[in-house]
Structures are given as structure tokens and as C-alpha cells.
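Note sheet for the following structure.
Within every chain, numbering begins at 1; the chains are lettered A, B, ... in the order of the sequence lines, protein sequences first and strands thereafter. Heavy atoms only: backbone and side chains are in, while hydrogens, waters and symmetry mates are out.
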Protein chains: 4
Amino acid sequence: MPSSKLAERGEDPQAKRERRKEARPGELLDAALDLFVEKGYAATRSEEVAARAGVSKGTLFLYFPSKEELFKAVVRENMSGRFAEWEEEFAAFEGSTAEMIRYCLRVWWERIGATRASGITKLMISEARNFPELATFYQQEVIRPGTDLMRRILQRGVDRGEFAPIDVEYGVYALVAPMIFLIMMKHSLGACAPQDYPLDAQRYVETMADLLVNGLCARAEAPRGRA
Amino acid sequence: MPSSKLAERGEDPQAKRERRKEARPGELLDAALDLFVEKGYAATRSEEVAARAGVSKGTLFLYFPSKEELFKAVVRENMSGRFAEWEEEFAAFEGSTAEMIRYCLRVWWERIGATRASGITKLMISEARNFPELATFYQQEVIRPGTDLMRRILQRGVDRGEFAPIDVEYGVYALVAPMIFLIMMKHSLGACAPQDYPLDAQRYVETMADLLVNGLCARAEAPRGRA
Amino acid sequence: MPSSKLAERGEDPQAKRERRKEARPGELLDAALDLFVEKGYAATRSEEVAARAGVSKGTLFLYFPSKEELFKAVVRENMSGRFAEWEEEFAAFEGSTAEMIRYCLRVWWERIGATRASGITKLMISEARNFPELATFYQQEVIRPGTDLMRRILQRGVDRGEFAPIDVEYGVYALVAPMIFLIMMKHSLGACAPQDYPLDAQRYVETMADLLVNGLCARAEAPRGRA
Amino acid sequence: MPSSKLAERGEDPQAKRERRKEARPGELLDAALDLFVEKGYAATRSEEVAARAGVSKGTLFLYFPSKEELFKAVVRENMSGRFAEWEEEFAAFEGSTAEMIRYCLRVWWERIGATRASGITKLMISEARNFPELATFYQQEVIRPGTDLMRRILQRGVDRGEFAPIDVEYGVYALVAPMIFLIMMKHSLGACAPQDYPLDAQRYVETMADLLVNGLCARAEAPRGRA
DNA sequence: GATGAATGAGCCTTCATTCAT
DNA sequence: TATGAATGAAGGCTCATTCAT
């Protein structure tokens with residue numbers, strides 16, 4: 001930012017103020033995300049969000065007409081389609097489906113799980129029933145594309161004979177569940193008493209990937225009675 | 001009016017009242033559990049809890065000194081260890097560890113997942129950060145015994161050569177994650193738009209059990225490079 | 001009220017509280033009427049209304065869900081059909097129409113003008129544009145019946161040859177205008193500086209009645225070119 | 001960009017701006033009058049006034065130190081005595097006093113009632129109790145001169161034997177009331193539901209003038225009992 | 001001068017909690 | 001014990017006013 005300022009020398013006398021104005025919504029959304037994730041929707045006070053963003057109460061309402069709209073904006077802001085990007089990556093993927101799944105979970109952790117974006121998932125799951133309209137939105141914008149992607153990966157494994165012909169729908173849940181679990185732990189119980197959850201996320205993800213891949217492959221290799 | 005009641009029958013005229021009186025706290029905790037699970041702590045109004053329990057606002061505060069204490073009582077009440085019972089069942093279990101795991105998950109679903117007790121898990125995960133002492137309590141009373149049990153089961157499988165020598169800590173997460181995921185779905189997003197989550201819990205549990213058991217066994221049967 | 005208390009001796013232990021509960025809405029409406037008339041809708045604070053009624057802020061909202069609903073209730077409360085009563089009186093009236101008009105204005109002053117009900121008229125006229133739905137209501141419930149009544153009286157005078165065949169519509173305005181004027185003075189400018197408006201309402205009403213009756217009759221007696 | 005303006009033409013480049021600058025206060029007062037009349041003092045937002053005048057919020061406060069001062073300025077600005085002018089007209093009037101009254105009301109309608117100046121009357125009556133000093137001012141600057149003028153006209157009629165020897169004080173009210181009534185209707189209830197008040201102001205004024213003149217004259221021509 | 005982003009006092013409204021009955 | 005009317009602290013939101021640009 002200092003560099004961009006240098007490049008503008010003398011022009012646009014309102015630059016600093018303008019820049020702030022444009023930055024405000026983002027700063028507020030940032031502050032709001034943290035607080036909503038940390039304390040929940042109801043326990044987060046508007047004034048607190050404003051304070052954390054370094055502005056006064058009134059300024060918040062200059063950019064978001066209500067606390068509810070702020071909440072919605074937080075959710076929308078942090079979900080913007082990362083799926084297009086992923087779709088491409090996976091369409092171009094050449095390795096085995098087992099590798100794909102490992103890559104997929106690893107990347108998910110890096111881009112979502114380890115970032116503040118994971119807070120959105122926690123938010124949605126905690127508050128869904130108070131914001132049904134948002135839940136629908138989230139379902140369409142995040143969950144559907146995400147599960148579609150996973151479904152296609154699993155199907156690829158089945159089609160190529162790498163995996164046993166499992167029920168793909170439930171296979172998707174098997175992939176998603178450990179990720180959701182990790183997020184929920186990170187943002188709720190794990191955040192209260194980290195010492196009780198000495199969880200190395202990286203290793204957690206790898207282990208889950210191994211286990212799932214093994215589970216999926218094993219059935220392809222050694223199909224047995226249902227057990 | 002009390003006199004007319006007296007004439008009613010030979011039984012103690014206060015019996016019904018007494019019965020109700022003793023049942024009050026339980027009825028209130030029941031009502032509170034439902035509402036807290038459905039709407040979250042903050043969005044649940046004391047009066048609504050009282051109304052659902054069929055008493056007046058004042059009566060609620062006769063039994064629980066504050067909303068916060070009510071919440072804590074709800075959680076504590078429903079956490080009561082079923083682990084002693086389970087410990088015995090599993091100590092006496094004679095079959096393979098794979099069967100144990102399948103049995104374990106099935107039983108968990110029947111006794112926790114499918115019942116209102118699952119609401120407690122949802123509550124804890126959603127509200128943990130606002131009730132850290134409860135979270136600690138929950139960690140000690142529920143999570144630790146539960147994971148200990150699972151750990152012992154997994155260890156049994158490893159010791160008996162049924163499973164590959166996996167990291168048991170993470171193996172526990174692999175077992176827990178799908179259960180937690182199922183609960184969260186059931187109580188949040190899944191409750192908003194059931195049609196978007198056409199999930200047959202029974203089958204979900206079986207599928208997860210299969211997949212996990214396969215994953216765990218596969219490694220014992222066919223240890224390979226990394227998997 | 002003391003007498004009614006005496007008559008209830010010993011019965012209904014909640015009598016006092018009950019009675020208060022039933023009296024509350026009325027007390028609040030009373031307080032609100034005064035304040036709305038005195039300060040206008042916006043400048044009247046909810047807490048002030050409550051305080052004047054001798055209760056706390058919260059109690060007001062126990063009886064009226066919002067300030068706006070309180071305002072509407074104030075208007076409605078003070079308009080309850082006095083017209084049925086008047087209709088009868090005037091249907092049974094036997095004297096000359098001139099006497100009718102004098103009686104009408106005198107009675108209006110006693111029952112409306114001199115009472116707090118006149119404040120409603122001031123309120124409606126001052127706030128009509130901010131409460132269009134109320135304005136419609138007032139138009140239908142008060143203005144229409146009132147003007148209908150006056151119209152019939154004037155028509156009677158014309159039909160019986162007591163009055164010149166004036167345009168009855170405008171004749172109604174001629175009767176109403178001095179009353180509205182009196183109310184507005186009483187509640188606005190006149191309330192600020194009574195010494196500047198040493199107005200004897202009784203005499204004002206009589207004088208207006210005389211003048212109007214003369215004006216109406218004169219034309220019947222001595223019809224001239226239009227001037 | 002200023003340079004391109006400079007090149008435009010030979011005239012003072014600041015002329016337009018200067019002109020606007022000087023016009024500002026007037027434009028603001030105009031906008032404010034409309035809004036205050038329409039919505040009342042409290043419900044009129046400063047920003048809306050500025051917007052209607054085509055300037056920014058800040059500019060409004062450049063010319064008027066506060067909303068209250070703006071309101072006072074609006075009232076004062078529009079009260080400017082037209083009475084000197086009228087005094088002259090009436091001093092030179094040669095016809096009958098009846099004609100004078102008709103002329104007076106007609107002129108009042110043309111110069112006040114039909115113009116935005118009538119809004120001031122509506123404002124004063126609606127807001128008087130919140131601005132007592134303005135009310136006093138209005139009383140002195142408008143009401144006193146106005147009623148003095150009317151009083152002199154009525155007195156002339158009585159002195160010349162045209163009118164009965166009525167109580168001139170109350171006679172003045174008889175003249176004023178229909179005008180005030182017309183204004184209040186126009187700006188409040190009548191503005192909400194014009195279809196309910198199909199009032200032809202021109203004709204209304206003429207009719208009132210007729211009725212009043214008849215009422216006043218009748219008593220001179222045909223003095224009877226009390227009527 | 002003009003702008004409009006920022007401020008924060010103030011008000012409406014909610015709801016956990018109290019307490020007279 | 002049970003009730004529910006009453007309370008008042010707390011928090012969302014508005015808008016007159018300020019001031020850096």
C-alpha cells in the first residue's frame with residue numbers, strides 16, 4: 001500500500017479518504033467474520049464489530065443497513081466461487097483418483113480449512129435455522145457445487161475400476177465429514193481448550209485421506225460379502 | 001374451588017399436583033433442550049421455554065435461577081454417562097473388532113444420534129465458545145470417555161492384527177467425524193431444507209462403518225508404500 | 001372506586017392487580033393523548049408516556065406493540081361513535097333548523113371541543129401526512145359521519161324554507177370551519193400564549209352560531225342578486 | 001478541468017457559481033418549507049432538504065447552523081409582512097364594506113392561500129408548541145397585524161351602518177376561521193385523500209364570503225330578537 | 001466554499017428477571 | 001408454589017452535526 005501511494009503522488013486530493021471508503025466494507029466484513037465466528041450471531045454487538053474495524057457504530061450502518069444484512073454479506077463475501085478454479089484443476093488432473101482425493105483434501109485444507117473462510121462453515125451450521133434463506137443460498141452456492149465436484153471424483157474412481165462400486169452419494173459424505181468435523185472442532189470446542197485437542201491438522205488430513213482411499217480401494221481390490 | 005376437587009375421589013387430592021411438581025424440572029429441561037437446539041441459546045426466549053413446558057414464566061425461574069443455569073442444566077442433564085454401560089458391553093464383546101466397530105456405530109446411532117441426546121452435541125458445538133466452562137465439562141464427561149472407548153477398540157484391532165498399525169488418535173477422529181457430521185446436518189442445514197439432504201441415516205451409518213472398517217482392514221491385509 | 005372495592009370484600013385475591021391491569025391501557029392512552037397533542041408524534045418519547053402513566057418503559061410495550069400502534073390506538077380510542085347518539089338527538093329534534101344548528105354547535109363544544117377529544121382532531125390534522133392509513137380511517141369514521149349529519153341538518157333548513165337554497169356541501173364547511181379553527185387555536189398557538197388569545201369559547205361558539213344562522217336565513221328572507 | 005472552464009467564454013468564469021452561491025440560502029429555505037409542511041419538523045431529514053435543494057448535507061449546515069435554525073429561518077422568511085401593502089389597498093378602498101370583505105378574502109386566497117406561503121400557517125399551527133418563541137414572533141408579526149386589519153374592516157362596516165353592531169373581536173374569528181380551515185385541509189387530510197375532499201377553493205372562498213357578508217348584513221337590515 | 005464520510009447521543013424495543021398476589 | 005404484570009439494562013438503528021479533504 002505504501003508503494004501504491006507513492007505511485008499516485010499529488011493526484012486526486014481525496015485519495016486517502018476515497019481509499020478508506022472503499023476499504024471500509026472489507027474491513028467491517030473482516031471484523032464481523034471474526035466476531036460472528038467467535039461469539040455467534042446474537043452475542044456479537046454491532047458496536048463491537050465497528051470498534052474492531054476501527055470505526056464508530058454509525059459507520060457500520062453506513063455500509064450495511066442492518067446487522068442481519070451484515071451477517072449475510074459476511075457469508076456471501078467469503079464464499080465467492082472457488083469452485084470454478086477447482087473444477088478446472090480437477091478436469092486437468094492426470095493421476096490416479098486416489099491421488100486426486102488426497103490432493104483434493106490437502107488443497108481444501110490449505111484454501112479453506114486453514115483460512116478464515118472455514119469460519120463461514122461454522123457460522124452457517126450454527127445459525128442456519130435462524131437464517132433459512134441464507135441456508136438455501138449456502139446450499140446452492142457452496143454445498144451443491146462442492147458435493148457435485150466430489151461426486152464426480154468418486155465416480156471417476158469407480159469408472160476407472162480404482163474404487164469399488166460404492167454408493168457415490170454416501171461416499172461424498174465420507175469425504176466431507178472429516179473436513180466439517182475438523183472445522184467445527186477448530187472453531188468451537190477446540191478453540192476453548194486447545195490443549196485437549198492436540199490436533200495436527202496437516203497430519204489429520206493426510207490420515208483421513210489415507211483411510212478413505214484405502215477404504216474405497218480395498219473394496220475394489222477385495223470385494224467381499226458386505227462386511 | 002379447591003373443595004370441589006377434594007370431593008372428586010378417594011385418592012390424595014394433591015397427588016396430581018405433586019406428580020407434576022416433581023416432573024416440572026424435567027419438563028422444563030425437555031422443552032429447553034428442543035428450543036436451544038432449534039434456535040440456539042440467544043434466540044431462545046425464557047418465556048417460550050416455559051410455555052412449551054406448560055408453565056408460566058415465573059415458574060421457570062423457580063427451578064432455574066437464570067437462563068444460563070437452565071442452559072447448563074440442559075447440557076449436564078443430557079450428558080449423563082452411558083459409558084459405563086458401553087464399557088461393559090464392549091469388554092464382553094467376543095467378535096472381531098470390525099464387527100465391534102459396526103456395532104458401536106449402530107448402537108451410537110440408536111442411542112444418541114437418533115434421539116434428542118444428539119441435540120446436546122449440536123448445542124455444545126454451536127455454543128461452546130460462549131460457555132467455556134461447559135465445554136470443559138463436556139470434554140471431560142463425554143468426549144474423553146468416548147474417545148477413550150474408541151481408542152481402546154481401535155487398539156484392540158491393531159493388537160489382534162486385524163487393523164494396520166495406524167495412529168490410533170487419528171483413527172478415533174475417523175470414527176467420530178461421520179457421526180458428528182450426521183448430527184450437525186440433522187440439526188442445522190438438514191433441518192432447513194430436508195429435501196436437499198435426502199439422507200437415510202441408517203444407511204449412512206452402515207456405509208460409513210463399511211468404509212472405515214475396510215480402510216482399517218485394508219492396511220492390515222495389504223500394507224503398501226504409503227497407504 | 002372505593003365503593004366497588006367495598007362490595008368485593010375478601011373475594012378475588014388478585015383484584016387490585018387485575019384492576020390495574022385492566023386500567024393500564026386506558027391510563028397509557030390518556031397519557032399518550034396528552035403528550036402527542038402537546039408535543040407531536042415524533043417529539044413524544046415512549047418512556048415519557050410510560051412515566052406519565054406511572055409505569056416503566058417496558059410496561060408500555062406490554063400493552064402496545066409499538067409507538068405507532070400506540071398512536072393509532074389513541075386516535076381510535078377517542079373517536080368511538082358518538083354519532084349514533086347525535087343522529088338520534090337530531091332525528092327527534094322538533095324546533096327550527098336555526099335552533100338545531102345552535103344546539104348542534106353548543107353540544108359539539110361541550111362534548112368534543114371542551115374535552116380532550118379535541119386533541120385528536122389536532123393530532124390528525126398535524127400528523128395526517130405521516131399516517132395516511134390513519135387519515136383514511138379518520139375520514140371514514142369521523143369526518144364522513146360528521147359531515148353527513150351536518151349536511152342533513154342544512155338540507156332540512158333548505159327543504160323547510162328556513163334557509164336559502166345554498167350549496168349544502170360548502171355550507172357544511174361553513175359550520176365545521178369555526179370549530180376546527182377553535183380546536184387548532186386551543187391546541188397550538190393558543191396554548192403557547194393564552195394571553196394573546198383571550199377567547200371565551202362559549203361566547204365564540206354562540207357568536208359563530210348566530211352569524212352562520214343569520215347568514216343562512218338572510219338569504220331565505222331577502223334573496224338578492226348574488227352580492 | 002478548471003482551465004477548460006476558463007476558456008469557455010469572455011464572462012466571469014465564477015459568475016454562475018457566484019449566482020448559485022447567493023441563491024443557495026433561498027433554495028434551501030424553499031426546499032425546507034416544502035418538506036417541513038409535508039412531513040412536519042421532526043420527520044424532515046436534513047439530508048433530504050439538502051438533496052432537494054441540490055446540494056450536499058454539509059452545505060446546508062454552512063448556511064444554517066442547525067436544523068432548528070433552519071426551521072426558524074423558514075418561518076421568518078415567509079412571514080414577511082405583506083400588511084403594509086394591504087393596509088394601503090384597504091385605506092384607499094372606496095366600495096362597500098361587504099365588497100371589501102369579499103375582496104379581502106379573494107386576495108388572501110390568491111396571495112396566501114393558493115401559494116406556498118400557506119404552508120407557513122400550517123407549520124405554525126402544527127409545530128407551535130415545540131417552538132414557542134416562533135409562535136410569539138408569528139403572533140406579533142402576522143396574527144396581530146392581520147387581525148388588526150380585519151378588525152378595522154369590520155369596524156368600518158359597523159360604523160357605516162352596513163353591519164349590525166356585532167362584537168368585532170369575534171367577527172374577526174369568523175372571517176379567519178374558514179381561511180385557516182382551508183389551509184389545514186389543503187396541507188393535511190386533504191393532501192392524503194384529495195378524492196374525499198373535492199373542494200374548489202375558489203368557490204369555497206366565494207361561498208364563505210357570501211355567507212359571512214350575509215350574516216353580518218342581515219343583522220343590520222333585520223335586527224330581530226337574538227337571531 | 002462544498003463535499004460526504006464519520007461520529008455518537010438519543011430513542012425504540014426486547015427480554016431476562018423480580019415480586020406482589 | 002405458581003402466576004404474570006412490571007421492570008430496566010442492553011442493544012439495534014437513526015440522523016443532526018462535524019471536519020478533513
**Message:** Give me the stems containing DNA chain E, sorted by first residue, counting only three or more consecutive Watson-Crick or G-U pairs with both distances under 3.5 Å; say none if there aren't any.
**Reply:** E:2-21 with F:2-21
**Item:** Which residue lies more 5' along DNA chain F, comparing A:Pro65 with D:Phe61 via nearest heavy atoms
**Value:** A:Pro65
**First of A:Tyr63 and C:Leu62 reached from the 5' end of DNA chain E, by closest nucleotide** = A:Tyr63
**Complete:** In whole angstroms, the gap separating P of E:dC12 from NZ of A:Lys67 amounts to 21 Å
**Request:** Please state how far atom CD in C:Glu69 lies from atom C1' in E:dT13, giving the value in whole angstrom units.
**Result:** 14 Å
**Item:** Interatomic distance, D:Leu60 CG vs E:dG4 P [rounded to whole Å]
**Value:** 14 Å
**Asked** Starting at NZ of B:Lys39 and ending at C1' of E:dC15, how long is that distance when rounded to a whole Å?
**Response** 13 Å
**Prompt:** Can you check the D:Glu47 CD to E:dT7 C1' distance for me, whole Å?
**Reply:** 14 Å
**Request:** Kindly say if D:Arg24 contacts the phosphate of E:dG1, meaning a side-chain N or O under 4.0 Å from OP1 or OP2.
**Result:** no
**Request:** Output the distance between atom OG1 (C:Thr59) and atom CZ (C:Phe61), rounded to the nearest 0.5 Å.
**Result:** 10.5 Å
Please tabulate, for side-chain N and O atoms in residues 68-77 of chain B, each donor-acceptor pair with protein atoms closer than 3.5 Å (sequence neighbours left out).
unit_1, atom_1, unit_2, atom_2, d
B:Lys72, NZ, B:Glu133, OE2, 2.6

**Asked** For F:dA5, does either OP1 or OP2 sit under 4.0 Å from a side-chain N or O belonging to C:Thr59?
**Response** no
**Heavy-atom side-chain contact between A:Val37 and B:Arg129 under 4.5 Å** = yes
**Atom-to-atom span, CG of B:Leu28 to C1' of F:dA2 - whole angstrom** = 12 Å
**Request:** Using a heavy-atom cut-off of under 4.0 Å over every strand shown, decide if A:Ser46 touches base, sugar-phosphate, or nothing.
**Result:** sugar-phosphate
**Item:** Toward the 5' end of DNA chain E, by each residue's nearest nucleotide, C:Tyr41 or B:Arg45
**Value:** C:Tyr41
**Asked** Looking at side-chain heavy atoms only, is the closest gap between A:Phe131 and A:Met124 below 4.5 Å?
**Response** no
**Request:** Answer yes or no: is there a side-chain heavy-atom contact under 4.5 Å between A:Leu29 and A:Phe64?
**Result:** yes
**Message:** A side-chain contact here means heavy atoms from C-beta on lying under 4.5 Å apart; do B:Leu60 and B:Glu47 qualify?
**Reply:** no
**Prompt:** Under 4.0 Å between a side-chain N/O of C:Ser56 and OP1 or OP2 of F:dT7, yes or no?
**Reply:** yes
**Complete:** The nucleotide from E:dT17, F:dA16, E:dG8 with an atom nearest the side chain of A:Lys57 is E:dG8
**Asked** Below 4.0 angstrom, N of the basic side chain to O of the carboxylate: do B:Arg52 and B:Glu27 qualify?
**Response** no
**Request:** On DNA chain F, check which nucleotide each of C:Gly54 and D:Ser66 is closest to and give me the residue with the more 5' one.
**Result:** C:Gly54
